[in-house]
Amino acid sequence: MSAQRLFLDDVSVDFGAMRALDHVSLDLRPGEFVSIVGPSGCGKTTLLKIAAGFVTPTRGRATLDGAPIIGPGPERGVIFQEYGVFPWLSVRDNIAFGLKLGANRNEADERDAIVDRYLALMGLAEFRDALPRTLSGGMKQRVALARCYAVRPRILLMDEPFGALDAQTRLVMHDLLLDLQAKERKSVLLVTHSAEEALYLSSRVVVMSARPGRIKAEIDVPFAYPRDRSLLEHPDFAHLRTQLIELVMEEYAAQQRLDRIAV
Amino acid sequence: MSLFETVNDAFSTARPRRRQINAMPASVIRLAGSAFILVAPWAALLALWIGVRHSGLIKPGLVPSPLEVLDQAWSHLQSGALLGHLAASTLRVAAGVAIGSALAIPVGFLIGRSPQVRALINPLINFFRALPPIALIPLIIVYFGIGESAKITVLAFAAFFASVIVLYEGIGQIAPIYVHVAKTLGATEREIFARVIFPLALPHILTALRVALGVTWATLVAAELIAAQVGLGAMIQVAASFFQLDIIYLGIISIGVAALTMDFALRRLSAHLVVWQERLHP
């Protein structure tokens, strides 16, 4: 189960007359955790959709270990902000969903073992037979994570996965994700608008400019894993956070001006 | 890790079971309440019927009393005629709904899943939907004769156009997120249809069936205008030519009761099949 290398090579995307992404190159090396931050509307979600295979770049290439990305696939797990937990399936059937597909067919007992493992890892064991409508947002996102992990993706693509959660739940989910990374490391590309989230979780942060999205800056996050909440109090962390927020705010202001012109 | 576990524990203990105090009276009150809700509208309707009969606004001869209708119901039940009519009509309605929705389901998926097909077919559907089935009867007699197939064609026509619109409006509103998730997990188009689209469409299929059933019962009398010997609609028409108002009332009530019963059965089936739905009124 070796990690794969995701490479976006000088990628541009046009939606009609509007340029969403402009000559962006991004290299996600095996085991790396990269966050993309930037103002809303800057094209960071488009970037993630290219990696997921939902958007084909107008120019440039997106490759996975050298092979072009054509369409979504189970080796690239995607976590959406709106969870997408199947409402007609119980928690365990949601987690088993991918395992029953032809693409990742498993023996029934092996499947049960995988489902049980992620039920435990995600703290969902006692909700195994519950229907999603009875779960909180945080619990639903755990189900989505477990369902994604069950098919053993080598890359995790997360599109503002904790954006809809309250602040406390978000913190718990951060630690859950770090804990999962310690147990089974994956390459992660995370789109977020939270500077703190980006710094706390990732090894590298990419700052995107206002539309058309370009890469404005890259910050290597110097803190070693495993990380815990004490990092948030560290003066170096606070310093880096201030720096990152300033970078993002400049672009936020630029995007605001753009949007005002558009209106 | 440790914090994650603590919060997790908090989740498991944070939902204490509410203890039911005074369980008996509460349940008795609730039972009486639901019995009232069940009976009250029918009692009101009956009161209105009797009230109109005795109001002097209409000649009492033109409004049979509930007892007269009940008397007719009893004699028709004893002779077996009522069950014969009921069975004939129910079979026709069932056949009409079955054929109409069997055609409507694939068409509904096709239109609901593809905006292009929708743009192409939508005007035709709206054209035919506006036509009252009764207006088609002369043509149906020309093409299908006056046998059973002609009556069922009228009903299937009504069922199809009533249900197809419910189906494609519902299927068209299925959130794309579920399809996206399935694709990222490696699902093929066929798997997406069978394991994602179909379960999400099921509530709409059941709603479409309910609508079709209602419309088909409503079309029954028209369908049985085509030389029907038996059937509740036929019974009403024969009674009309002899001015037997009590039998007409009996026929109308029987249609209503039959439609209500079938709708109730379908609602129970829906509740069983789509427990997962987040309903506003469970």
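Residue numbers begin at 1 in each chain, while the letters A, B, ... track the order of the sequences.
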- Task: Please check if atom CZ in A:F223 has more than 12 non-hydrogen atoms from other residues, nucleotides or ligands closer than 6.0 Å.
- Result: yes
- Item | Contacting region of B:A182 [heavy-atom separation from chain A under 4.5 Å] | both
- Query: Under 6.0 Å from the CD1 atom of A:I70, do we count more than 12 heavy atoms belonging to anything else shown?
  - Reply: no
- Message: Using only atom types and a distance under 3.5 Å, with no angle test, would you say the side chain of B:E191 pairs donor to acceptor with the backbone of A:G102?
- Response: yes
- Message: When you compare the side chain of B:W276 with that of A:L89, does any pair of heavy atoms fall below 4.5 Å?
- Response: no
- Query: Taking every heavy-atom pair that is under 4.5 Å apart, which of A:P226, A:S90, A:G98, A:P72 has the most such pairs with chain B?
  - Reply: A:P72
- Pair count under 4.5 Å, heavy atoms only, with chain B: among A:L99, A:I79, A:V85, A:D228, highest is A:V85
- Item | Partner set under ring-ring contact (aromatic ring centres under 6.0 Å, His included) for A:F54, not counting sequence neighbours | B:H180
- Rounded to the nearest 0.5 angstrom, the CZ-OG1 distance for A:F80 and B:T184 is 5.0 Å
- Could you label the plane-to-plane angle of the A:W88 and B:Y178 rings as parallel, tilted or perpendicular, counting under 30° as parallel and over 60° as perpendicular? perpendicular
- Check step by step if side chain to side chain contact (heavy atoms under 4.5 Å, CB included) holds for A:V78 and B:K183. CA-CA 10 Å; A:V78 182; B:K183 278 184 181 163; over 6 Å; no
- Could you tell me which residues in residues 193-217 of chain B have at least one non-hydrogen atom under 4.5 Å from a non-hydrogen atom of chain A, sorted by residue number? B:R195, B:V196, B:P199, B:L200
- Query: Given side chains that start at C-beta, do those of B:L185 and A:P74 come closer than 4.5 Å, heavy atoms only?
  - Reply: no
- Mark yes when over 12 heavy atoms from residues, nucleotides or ligands other than A:R61 sit less than 6.0 Å from its CZ; otherwise mark no. no
- Note on the structure: Nearest heavy-atom approach of B:G186 to A:A103 is O-CB, 3.4 Å
